[in-house]
Amino acid sequence: MAHDIVFFLAPDDKTAAATRLRGPGESFPSVTCHFFEPDSAIAEWDMYFRSPSAEIPPFDRLLRWRPWPRWVTPPLNDGIEVFALPQRLIRALANAPRTELEELADRWATRLKHEDGDDMTADDLLGVLQGIAGLAVSAVHTGGGLYSWSY
């Protein structure tokens, strides 16, 4: 489970990769959250928009989801991860009405509670998704990318 997660905008993979050691900081528009696995969250969101449903798919189906978020930097044994969100997910988030974000937040919260129990994030998951959706709108308009940095 990642302690700190920052979803952020960057013009390209090279710029996003440069955040690896220090994080995106204040120079990138971002949304900060805590205590979940960003790669499985990204896959969960992508899965939802491909087939919207309040039902939680089996965990093994989530783990087999493709495409899995793409590494922007090679994984090392230091716990830092930088992923690029898939373009189709960026477009889906940018175009998502509030009702879809609410349903997704409920589904995601149910999965996290089932997996993490009392260790589940205390973040407002709807607020997190709304913030990321706002970043997605900017990414679509600027042609840049949406990334996740975590430690």
Side-chain angles (χ1 to χ4, degrees), residues 1-52 56-96 100-101 104-105 107-116 119-151:
M1 177 181 312
H3 185 267
D4 294 315
I5 305 112
V6 181
F7 290 91
F8 66 101
L9 291 175
D12 52 48
D13 287 359
K14 183 177 179 181
T15 305
T19 69
R20 187 187 180 294
L21 292 178
R22 59 178 167 63
E26 293 182 15
S27 55
F28 295 92
S30 63
V31 172
T32 301
C33 33
H34 309 280
F35 301 114
F36 61 85
E37 292 295 340
D39 53 348
S40 61
I42 293 165
E44 170 109 22
W45 306 339
D46 192 35
M47 182 183 289
Y48 172 83
F49 286 112
R50 291 284 297 219
S51 182
I56 300 170
F59 189 66
D60 63 324
R61 183 172 167 227
L62 175 65
L63 293 178
R64 290 190 317 267
W65 186 252
R66 298 295 177 257
W68 198 254
R70 180 176 53 81
W71 295 97
V72 176
T73 58
L76 300 175
N77 198 22
D78 61 2
I80 298 171
E81 301 174 321
V82 183
F83 294 109
L85 277 69
Q87 286 298 315
R88 74 176 182 208
L89 176 58
I90 294 170
R91 288 188 302 274
L93 285 164
N95 294 313
E100 282 189 340
L101 294 176
L104 175 56
R107 175 174 134 164
W108 184 31
T110 300
R111 177 179 302 284
L112 290 176
K113 185 163 184 68
H114 176 73
E115 291 173 7
D116 301 334
D119 292 332
M120 183 180 140
T121 182
D123 289 334
D124 169 10
L125 298 182
L126 176 57
V128 168
L129 284 170
Q130 288 172 325
I132 295 168
L135 293 175
V137 169
S138 294
V140 167
H141 289 319
T142 64
L146 183 51
Y147 300 88
S148 166
W149 176 94
S150 61
Y151 176 74

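Throughout, residue positions are numbered sequentially from 1 according to the sequence presented.
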Taking the side chain as every heavy atom from C-beta outward, state whether Val6 and Val31 have any atom pair closer than 4.5 Å. no

Rounded to the nearest 0.5 Å, how far does OG1 of Thr32 lie from CD1 of Ile5? 9.5 Å

Starting at CG of Leu135, measure out to CZ of Phe28 and round the result to the nearest 0.5 Å. 12.5 Å

Between His34 and Asp4, is there a side-chain donor-acceptor contact under 3.5 Å, judged purely by atom types and distance? yes

Less than 4.5 Å apart, side chain to side chain, heavy atoms only: is that true for Leu93 and Phe49? yes

Taking the six-membered ring for Trp, are Trp108 and Phe36 closer than 6.0 Å centroid to centroid? yes

One thing to verify: whether Glu44 and Arg107 come together as a salt bridge, which I'm taking to mean a side-chain N less than 4.0 angstrom from a carboxylate O. yes

Taking side chain as C-beta onward, heavy atoms only, is His114 less than 4.5 Å from Phe59? no

Can you tell if the side chain of Met47 reaches within under 4.5 Å of the side chain of Pro57, non-hydrogen atoms only? yes

Do Thr110 and Lys113 make a side-chain contact, defined as non-hydrogen atoms from C-beta onward lying under 4.5 Å apart? no

Closer than 3.5 angstrom, by distance alone: can the side chain of Ser51 be matched with the main-chain N or O of Tyr48 as a donor-acceptor pair? no

For the student: nearest non-hydrogen atoms of Val82 and Arg20, plus distance: CG2-CA, 4.1 Å

Hey, what do you get for CD1 (Ile42) to CG (Leu85), rounding to the nearest 0.5 Å? 4.0 Å

Of all the heavy-atom pairs spanning Ile56 and Arg111, show the shortest one and how long it is. CG2-NH2, 3.1 Å

Testing the basics here: between Val140 and Ala94, what is the closest heavy-atom pair and its distance to 0.1 Å? CG2-CB, 3.8 Å

So Val72 and Phe83, do their side chains get closer than 4.5 Å, heavy atoms only? no

More than 12 heavy atoms of other residues, nucleotides or ligands under 6.0 Å from CZ of Arg70: yes or no? yes

Applying side chain to side chain contact (heavy atoms under 4.5 Å, CB included), run through Leu76 and Ile80 and close with a yes or a no. CA-CA 7 Å; Leu76 300 175; Ile80 298 171; over 6 Å; no

Which heavy atom of Ser27 sits nearest a heavy atom of Pro24, and at what distance? OG-O, 3.5 Å

How many angstroms lie between atom CG of Leu112 and atom CG of Leu125, to the nearest 0.5 angstrom? 6.0 Å

Determine, using ring centers only, whether Phe7 and Trp45 are less than 6.0 Å apart. yes

Qualifying residues under salt bridge (Lys or Arg N to Asp or Glu O under 4.0 Å), relative to Arg61, sequence neighbours excluded: none

Does the side chain of Tyr147 pick up a donor-acceptor pair with the side chain of Asp13 at under 3.5 Å? yes

Centres of the Phe8 and Trp149 rings: under 6.0 Å? no

How close do Ala133 and Leu101 get, heavy atom to heavy atom, and via which atoms? CB-CD1, 4.0 Å

So do the side chains of Thr15 and Asp12 get within less than 4.5 Å of each other, counting heavy atoms only? yes

Value rounded to 0.5 Å, distance of CZ in Arg88 from CZ in Arg50: 4.0 Å

What is the distance from atom CG of Asn95 to atom CD of Glu100, rounded to the nearest 0.5 Å? 9.5 Å

For Ser138 versus Leu9, what's the shortest heavy-atom pair and its separation? CB-CD1, 3.5 Å

Within the structure provided, determine whether Asp46 and Pro67 are in side-chain contact (heavy-atom separation under 4.5 Å). yes

